[in-house]
Number of protein chains: 4
Amino acid sequence: MSNEAPASVGHNSFAASELKTLIERVERLEEEKAALAEDITEVYGEAKSQGFDTKLMRQVVRLRKMDEAERREAAAILELYMSALGMRL
Amino acid sequence: MSNEAPASVGHNSFAASELKTLIERVERLEEEKAALAEDITEVYGEAKSQGFDTKLMRQVVRLRKMDEAERREAAAILELYMSALGMRL
Amino acid sequence: MSNEAPASVGHNSFAASELKTLIERVERLEEEKAALAEDITEVYGEAKSQGFDTKLMRQVVRLRKMDEAERREAAAILELYMSALGMRL
Amino acid sequence: MSNEAPASVGHNSFAASELKTLIERVERLEEEKAALAEDITEVYGEAKSQGFDTKLMRQVVRLRKMDEAERREAAAILELYMSALGMRL
DNA sequence: CCGGGAGGAGAGGTCC
DNA sequence: GGACCTCTCCTCCCGG
């Protein structure tokens with residue numbers, strides 16, 4: 001095992017400190033992510049209070065996301081074809 | 001069905017515009033959420049490249065989140081007690 | 001707890017027998033599923049031996065699956081719209 | 001690149017046809033696989049409606065699968081030993 | 001209380 | 001052959 005591997009035993013206080021920092025970064029990001037999830041819920045709540053069908057809205061959002069994913073996928077296939085044909089990208 | 005409900009047929013261009021705005025707000029928020037999810041993935045990537053076990057890290061994050069939930073639960077119970085006792089919060 | 005609940009203690013030999021049957025059905029289905037997964041792998045193997053690019057093939061299959069999913073999603077939205085408008089399906 | 005490689009450019013209509021057939025075979029198999037996955041879901045649904053805890057059932061199935069894997073592993077080792085000892089299998 | 005959707009863990013495929 | 005990465009499956013949580 002390499003002597004600079006953070007997971008190694010012995011003199012690992014630096015590794016522990018690094019780990020702590022990484023975990024705190026993750027937790028900070030997850031907090032922000034959760035806040036955004038709440039914001040989204042609130043927007044749907046607004047929509048509902050204005051008489052919109054949120055189930056329908058969610059489906060629309062999902063469909064638009066699928067469109068986007070498909071567009072990206074198609075682009076990836078095109079790139080792959082061109083690569084297979086030895087063409088410059 | 002109420003005649004001012006946005007989902008009603010007839011004179012619904014305003015409703016359509018409102019709906020568009022709401023959906024765009026949701027999509028904008030979801031993009032930001034996805035960006036944060038990527039950031040989190042990157043942090044785990046960093047951790048991995050430094051020799052940390054990301055699976056373990058994820059467990060740590062999950063446990064700390066549960067602790068946090070428990071702490072909030074305890075606080076809620078305390079609040080309930082105080083409320084029941086007519087005490088100011 | 002209801003006395004006819006299979007999970008109840010006492011006189012549960014019938015429940016145990018039922019459970020055994022259900023689990024065996026699941027296992028039988030999973031075996032067939034695994035066999036099909038092997039078949040798919042074999043088809044890709046054939047394709048590769050005939051000089052086809054399996055990575056490209058997989059991406060094509062994935063894209064077609066996405067098309068199908070999108071088509072179904074669009075149909076679901078249409079159905080929802082019609083339902084919302086009180087139209088017979 | 002070999003001149004009979006299906007992916008080669010020129011006179012590739014036969015290759016295209018072959019490719020189409022292969023992709024359709026894959027898709028047919030994947031449909032059957034998806035159908036079996038649905039069947040499994042239905043069996044769990046039945047179990048649930050009979051009062052069984054499906055989460056537990058899934059664990060049982062997983063454990064039995066692991067047992068099976070272990071049994072096969074042991075058999076493979078035995079086979080290896082017998083082979084090493086020049087014994088008929 | 002139940003079903004569907006979102007997120008995470010584990011498995012298989014691909015690339016190096 | 002090993003590591004990354006995508007995909008599938010499972011679990012959990014929110015909305016109905």
Side-chain angles (χ1 to χ4, degrees), chain A residues 26 29-30 33-34 36-45 47-49 52-63 65-66 69 72-73 76 80 83, chain B residues 26 29-30 33-34 36-42 44-49 51-63 65-66 69, chain C residues 2 26 29-30 33-34 36-45 47-48 52-59 61-63 65-66 69 72-73 76 80 83, chain D residues 26 30 33-34 36-45 48-49 51 53-63 65-66 69:
Chain A
V26 168
L29 292 166
E30 290 204 342
K33 189 152 82 77
L36 285 170
E38 272 185 53
D39 290 348
I40 291 169
T41 300
E42 282 172 30
V43 174
Y44 279 118
K48 193 190 191 96
S49 74
F52 290 109
D53 181 340
T54 57
K55 182 177 173 185
L56 188 47
M57 282 179 66
R58 285 178 190 273
Q59 226 152 349
V60 169
V61 169
R62 204 180 313 132
L63 183 57
K65 201 183 294 179
M66 286 171 63
R72 287 171 184 277
E73 185 76 3
L80 213 57
S83 165
Chain B
V26 168
L29 291 167
E30 291 204 344
K33 189 153 83 76
L36 285 170
E38 271 185 53
D39 290 347
I40 291 170
T41 300
E42 281 172 31
Y44 279 118
E46 263 184 61
K48 189 186 193 106
S49 74
F52 292 108
D53 181 337
T54 58
K55 183 176 171 183
L56 243 55
M57 283 180 64
R58 285 178 190 275
Q59 275 177 339
V60 169
V61 170
R62 204 179 314 131
L63 285 173
K65 199 182 295 178
M66 286 173 61
Chain C
S2 168
V26 167
L29 291 167
E30 290 204 343
K33 190 153 79 77
L36 285 170
E38 273 185 51
D39 291 347
I40 290 169
T41 300
E42 282 173 30
V43 174
Y44 279 117
K48 191 187 193 97
F52 292 108
D53 180 339
T54 57
K55 181 179 174 185
L56 189 48
M57 282 180 64
R58 285 179 189 274
Q59 223 152 350
V61 169
R62 203 180 313 136
L63 182 57
K65 198 183 295 178
M66 287 172 64
R72 288 174 183 276
E73 186 77 1
L80 262 183
S83 166
Chain D
V26 168
E30 291 203 343
K33 189 153 86 74
L36 285 170
E38 271 186 54
D39 290 347
I40 290 169
T41 300
E42 282 173 29
V43 174
Y44 280 117
K48 187 183 194 115
S49 73
D53 181 338
T54 57
K55 183 176 171 183
L56 244 55
M57 282 181 65
R58 287 178 190 273
Q59 273 177 341
V60 168
V61 169
R62 204 179 313 133
L63 283 173
K65 198 183 294 178
M66 286 173 61

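Throughout, protein chains are lettered first and strands after them, A, B, ... in sequence-line order, and every chain is numbered starting at 1. Please read all numbers here as calculations on a predicted model, not as lab measurements.
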J.: Quick one: is F/dG16 close enough that its OP1 or OP2 comes under 4.0 Å of any side-chain N or O from A/T54?
T.: yes
J.: Return the value, rounded to whole Å, for the distance between atom CD of C/E73 and atom C1' of E/dG4.
T.: 12 Å
J.: Report yes if some heavy atom in the side chain of A/M66 is under 4.5 Å from a heavy atom in the side chain of C/M66; otherwise report no.
T.: no
J.: Mind calculating the distance between CD (B/E38) and P (F/dC5) to the nearest angstrom?
T.: 12 Å
J.: So, taking the atom named OG1 in A/T54 and the one named NZ in A/K48, what distance separates them when rounded to the nearest 0.5 Å?
T.: 4.5 Å
J.: Whole angstroms only, please: what is the CG-P distance between D/D39 and F/dC9?
T.: 13 Å
J.: When you measure from the side-chain N and O atoms of A/K48 to the phosphate of F/dG16, is any distance below 4.0 Å, counting only OP1 and OP2?
T.: yes
J.: Restricting both atoms to N or O, compile the protein contacts to nucleotides 12-14 of chain F shorter than 3.5 Å, with distance only.
T.:
from   : atom 1 : to    : atom 2 : distance (Å)
F/dC12 : OP2    : D/K55 : NZ     : 3.1

J.: Between C1' on F/dC4 and CD on B/E42, what's the gap in Å once rounded to a whole number?
T.: 15 Å
J.: To the nearest Å, how far apart are A/Q59 CD and F/dG15 C1'?
T.: 14 Å
J.: Using a 4.0 Å heavy-atom cut-off across all strands, classify D/K33 as base, sugar-phosphate, or nothing.
T.: nothing
J.: Just to verify, what does B/E30 make a salt bridge (charged side-chain N to carboxylate O under 4.0 Å, His left out) with, not counting sequence neighbours?
T.: A/K65
J.: Can you tell me how far apart CZ (C/R58) and OH (C/Y44) are? Round to the nearest 0.5 Å.
T.: 5.0 Å
J.: Would you mind reading off the distance between C/L56 atom CG and E/dG13 atom P, rounded to a whole angstrom?
T.: 18 Å
J.: Please tell me if B/R62 has a side-chain N or O lying less than 4.0 Å from either OP1 or OP2 of E/dG8.
T.: no
J.: Going by heavy atoms in the side chains, are B/L56 and B/Q59 under 4.5 Å from each other?
T.: yes
J.: Rounded off to whole Å, could you give me the CG-to-P distance for the A/L29 and E/dG7 pair?
T.: 15 Å
J.: Rounded to whole Å, please give me the gap between CG in D/D53 and P in E/dC2.
T.: 13 Å
J.: For a quick test of reading the model: is some side-chain N or O of D/K65 closer than 4.0 Å to OP1 or OP2 of E/dA11?
T.: no
J.: Going from CG on B/L29 to CD on A/E42, what distance comes out if it is rounded to the nearest 0.5 angstrom?
T.: 9.5 Å
J.: Please report the interatomic distance CG(D/D39) to NZ(C/K33), rounded to the nearest 0.5 Å.
T.: 11.0 Å
